[in-house]
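Everything below concerns the one structure shown next.
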Amino acid sequence: MNATAIPPAISAWFEQNARDLPWRREGFSAWGTLVSEFMLQQTPVTRVIPRLTEWLERWPTPADLAAVPPGEAVRAWASLGYPRRALWLHAAAVQITERHGGIVPEDVDELLALTGIGDYTARAVAAFAYGHRHPVVDTNTRRVIARAVTGQGEPGPPSRRDLDAMAALLPDEPVAAAVFNAAIMELGAIVCTSRSPRCDVCPVREACAWRAAGYPEYAGPKKAVQKKFEGSDRQVRGLIMAELRATHHPVTAAEIEGLWADAVQRDRALAGLVADGLAVPVEPGLYALSQG
DNA sequence: GAAGCGTGGTG
DNA sequence: TCACCAAGCTT
């Protein structure tokens, strides 16, 4: 097996091994695809599925979401994490309703112009919802290419050049391209994983440059270490947001004081949430999710 | 380009 | 146990 055999081998494996996921069901809407991609940004599949199902039952179209206050989106986001995504998804729904007649656009540049949509999500929607031929590059794709094609244990830092590397592997035919985009992500998600890759069941083991090189240790620039969550501003923000989501009335400054002892850090976290639009001071000393 | 942004599962 | 990891985006 040589390098040119990698894409068809991965796609063939995918046809047999793809997980049964909601966004792969026949007739799943473009809006559903967009919502799922927002939720999947840094949140695992198993945690996304229940929230996605509820979300689409409640807001089956962009206009349905655009019609409610942003704070409702933040509440429905629940504990998926990074709640700014809920705000951005709501903003995107408003923009889709106003600019695109309520139809999720299929043009990558129009998608990129929506709040909260970047290189990955724009191309994922164009490819998976509309069948257009674009390279879709996420962290799984970058890892598989780094190993199987480049022969390194880990991808380097994300770069626009990743799109070119993926484009070079992409089948010409749009449907085959969309399948391969999904297939290489899936391989990275369940076989060519970050921590303990299951090379014994990998469909491109015989062509893998990393394996051929004897699994050399990654020597490139190190990933920035994720800061400890315990005691971080993120933790304080999370506590305040959980309180705002839990109550259906404004939260008092006194209640927020009870969530975290360090006043300096607490005030910094709250000010950050206000700056982000996640918390709104409805009057001095009273905070709520965005109602407008 | 680097930093900041949640939450929960896992090896 | 705890560091690492998870379909990224914005500033």
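Values in this document were obtained by computation on a predicted structure and should not be read as measured data. Residue numbers begin at 1 in each chain, while the letters A, B, ... track the order of the sequences.
- When rounded to the nearest whole Å, the span between CG of Asp138(A) and P of dA6(C) equals 10 Å.
- Among the atoms of the strands shown, only primed sugar atoms or phosphate atoms (P, OP1, OP2) are found under 4.0 Å from some heavy atom of Ile117(A).
- Comparing Leu112(A) and Gln226(A), the nucleotide of DNA chain C nearest to each residue sits closer to the 5' end for Gln226(A).
- Atom-to-atom, NZ of Lys222(A) to P of dC5(C) comes out at 10 Å; the value is rounded to the nearest Å.
- Partner Pro62(A) forms a side-chain contact (heavy atoms from CB on, under 4.5 Å) with one of Ile103(A), Leu34(A), Val35(A), Ile96(A) and no other, that one being Ile96(A).
- Here the P atom of nucleotide dA3(B) and the CZ atom of Phe229(A) are 20 Å apart, to the nearest Å.
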Kindly determine whether Trp210(A) and Tyr215(A) satisfy ring pair (Phe, Tyr, Trp, His ring centres under 6.0 Å), including the steps that lead there. CA-CA 5 Å; Trp210(A) 188 39; Tyr215(A) 298 116; 4.9 Å; yes

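- Comparing dT7(B), dC5(C), dC9(C) against the side chain of Tyr120(A) picks out dC9(C) as the nearest.
- For the pair Leu163(A) CG and dG8(C) C1', the computed distance is 13 Å after rounding to whole Å.
- Of the two residues near DNA chain C, Val225(A) and Asn140(A), the one whose nearest nucleotide lies more 5' is Val225(A).
- If you find the closest nucleotide of DNA chain B to Lys227(A) and to Arg245(A), the one lying nearer the 5' end belongs to Lys227(A).
- Thr150(A) places no side-chain N or O within donor-acceptor distance of the main-chain N or O of Arg147(A), the cut-off being under 3.5 Å.
- Residue Arg143(A) is classed as a sugar-phosphate contact, given heavy-atom separations below 4.0 Å to backbone atoms only.
- Between the side chain of Glu186(A) and the backbone N or O of Arg19(A), at least one donor-acceptor pair lies under 3.5 Å.
- Within 4.0 Å of Thr46(A), counting heavy atoms only, lies no atom of the nucleic acid at all.
- Counting distance only, with no hydrogens placed and no angle test, the side-chain atoms of Arg47(A) and the base atoms of dT7(B) include a donor-acceptor pair under 3.5 Å.
- Looking at Thr43(A) and Arg85(A), their side chains do bring a donor and an acceptor atom within 3.5 Å of each other.
- Counting non-hydrogen atoms under 4.0 angstrom, Asp276(A) reaches nothing in the nucleic acid.
- At a cut-off of 3.5 angstrom, the base of dG6(B) holds at least one donor-acceptor pair with the side chain of Thr43(A).
- Side-chain atoms of Arg195(A) come within donor-acceptor range of the base of dC4(C), with a qualifying N/O pair under 3.5 Å.
- No contact: Pro158(A) has no heavy atom under 4.0 Å from any strand.
- Side-chain atoms of Ser194(A) lie closest to dC5(C) of the nucleotides dC5(C), dA3(B), dA7(C).
- Residue contacts shown for Thr121(A) are limited to sugar-phosphate atoms, with no base heavy atom under 4.0 Å away.
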